[in-house]
Amino acid sequence: MADKRTERKKLTTKTLITMKKNGEKIACLTAYDFLMARYLEEAGIDVVLVGDSLGNVVQGNPTTITVTLDEMIYHAKIVKKSIRNALLVVDLPFMSYHVDLKEAVRNCGRVMKETGCDAVKLEGGERIAEVVKHLVKVGIPVMGHLGLTPQSINIFGTYVTRGTDPKEAKQIQKDAKILEEAGCFAVVLEKIPAELAKKVTTSIKIPTIGIGAGINCDGQILVTHDMLGMTEMFRPRFVRRYMDLATEAKDAFRKYIKDVKDKKFPGKGESY
Ligand code: KIV
């Protein structure tokens with residue numbers, strides 16, 4: 001039987017731009033390990049993001065601020081083992097592209113060389129435009145990230161919807177244009193009003209990938225642990241749960257524990 005992972009073509013940053021042109025929606029999800037990445041690849045996902053959300057859902061931290069570059073590289077390397085055709089994007093963590101251009105290029109270069117990913121993602125608009133230009137100049141494709149940018153949570157002070165006041169909405173629109181001009185191939189729009197996301201989407205040629213940004217974005221992304229129902233306590237309205245894995249896993253664990261206690265596992269067929 002043919003390996004399902006080789007049945008489709010490798011997606012590139014240019015494919016995403018063509019998909020936008022053709023009106024084909026872009027489906028993206030996050031992965032942090034080999035097996036989850038394999039399931040995503042076999043299901044036919046377009047983009048796999050190794051998000052710094054691993055700080056929340058893998059490491060159990062309250063924010064993404066504490067995630068290190070080495071941790072991102074560790075997870076991206078093991079995800080990469082499962083990726084054949086999806087576009088693999090890796091988040092640059094907080095403070096790994098902020099000090100100066102040299103350090104930003106060096107850190108993004110490390111991510112590209114050590115993980116074999118296709119692109120990096122950085123948070124911010126105007127203030128990171130020079131970094132984006134430099135990265136693109138040396139051959140590193142960049143996905144932008146606007147709206148609710150979790151690395152700025154200590155400035156925002158809250159995870160509420162961004163861009164609800166006209167001034168911030170204008171800045172988000174301006175930032176999207178700046179990122180496009182700086183050379184980004186796509187931009188994530190997180191937790192902004194659907195109408196604003198629509199305006200941004202129609203004003204730029206590069207695709208917008210929404211998370212809590214409505215139906216008019218060119219693509220959608222969710223944290224995989226959220227859409228699988230693994231993060232029980234986290235229930236924002238933008239997350240659609242496609243299964244209740246937390247409940248199913250706990251049911252399975254309870255059954256296993258009972259089987260062990262009742263001396264029903266292992267059976268003869270499970271023994272040598
Ligand atoms: O870190 C992450 O997973 C992200 C996505 C939610 C867009 O940035």
Side-chain angles (χ1 to χ4, degrees), residues 16 25-33 36-37 40 45-69 71-76 78-79 83 86-97 108 111 115 117-125 128 132 141-153 156 159-163 172 175-176 179 184-192 197 200-201 206-214 217-228 230-231 234-242:
L16 299 197
K25 294 283 186 182
I26 302 162
C28 320
L29 284 167
T30 63
Y32 318 103
D33 64 56
M36 197 65 88
L40 292 173
I45 199 77
D46 296 316
V47 177
V48 171
L49 171 70
V50 184
D52 62 354
S53 50
L54 69 85
N56 307 117
V57 298
V58 177
Q59 299 176 333
N61 294 319
T63 73
T64 59
I65 301 291
T66 49
V67 176
T68 67
L69 186 66
E71 287 165 350
M72 290 307 303
I73 289 174
Y74 168 82
H75 285 277
I78 57 178
V79 165
I83 301 301
L87 186 82
L88 179 59
V89 183
V90 178
D91 258 344
L92 262 291
F94 180 61
M95 285 315 290
S96 64
Y97 52 98
C108 292
V111 169
T115 73
C117 70
D118 301 306
V120 296
K121 176 164 82 60
L122 313 185
E123 294 184 6
I128 61 149
V132 174
V142 183
M143 180 181 267
H145 186 157
L146 297 171
L148 178 59
T149 45
Q151 291 174 12
S152 301
I153 191 59
F156 295 150
Y159 286 98
V160 295
T161 313
R162 308 307 309 180
I172 290 170
D175 282 341
L179 289 180
C184 279
F185 68 89
V187 59
V188 168
L189 300 177
E190 180 163 350
K191 216 170 174 195
I192 63 170
V200 173
T201 300
I206 57 171
T208 57
I209 309 295
I211 173 164
C217 294
D218 300 302
Q220 298 292 329
I221 187 162
L222 284 174
V223 168
T224 299
H225 288 50
D226 295 338
M227 62 86 78
L228 290 179
M230 295 169 81
T231 45
F234 184 63
R235 303 205 75 135
R237 72 189 228 202
F238 66 80
V239 172
R240 183 178 293 177
R241 285 197 171 171
Y242 287 82

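Predicted model, so just to flag it, every value in this text is computed and none were measured. For ligands, and for the atoms within them, numbers begin at 1 and follow the listed sequence.
Nearest heavy-atom pair, Ala31 versus Leu40, reported as atom, atom and distance to 0.1 Å: CB-CD1, 3.8 Å.
Counting heavy atoms under 4.0 Å from ligand 1, residue Asp91 touches it through the side chain alone. Under 4.0 Å from ligand 1, not a single heavy atom of Leu54 appears. Counting heavy atoms closer than 4.0 Å to ligand 1, residue Leu49 contributes side-chain atoms (C-beta onward) but none from N, CA, C or O.
Although no hydrogens or angles enter the test, the distance criterion places no donor-acceptor pair under 3.5 Å between the side chain of Lys25 and the main chain of Gln220. Here the side chain of Gln151 pairs a donor or acceptor atom with the backbone of Leu92 at under 3.5 angstrom.
Residue Asp52 has at least one N or O atom closer than 3.5 Å to an N or O atom of ligand 1. Looking at ligand 1, you won't find any N or O of Thr30 less than 3.5 Å from one of its N or O atoms.
For ligand 1, the atoms closer than 4.0 angstrom to any heavy atom of Gly51 are 1 (O), 2 (C), 3 (O). Close approach to Lys121 involves these atoms of ligand 1, each under 4.0 Å from a residue heavy atom: 4 (C), 8 (O). Less than 4.0 angstrom separates some heavy atom of His145 from each of these atoms of ligand 1: 8 (O). Annotation for ligand 1: atoms under 4.0 Å from non-hydrogen atoms of Ile211 are 6 (C).
To the nearest 0.5 Å, the span separating OG1 on Thr115 from CD1 on Ile73 amounts to 7.0 Å.
In this structure, the side chains of Ile209 and Val47 stay at 4.5 Å or more apart for every pair of heavy atoms.
Contact between Glu123 and ligand 1 is absent, with no heavy atom of the residue lying under 4.0 Å from the ligand.
With Asp226 as reference, Val223 is the one residue of Thr224, Val223, Leu228 to meet the side chain to side chain contact (heavy atoms under 4.5 Å, CB included) rule.
Checked against a 6.0 Å centroid threshold, the rings of Tyr32 and His225 count as neighbours.
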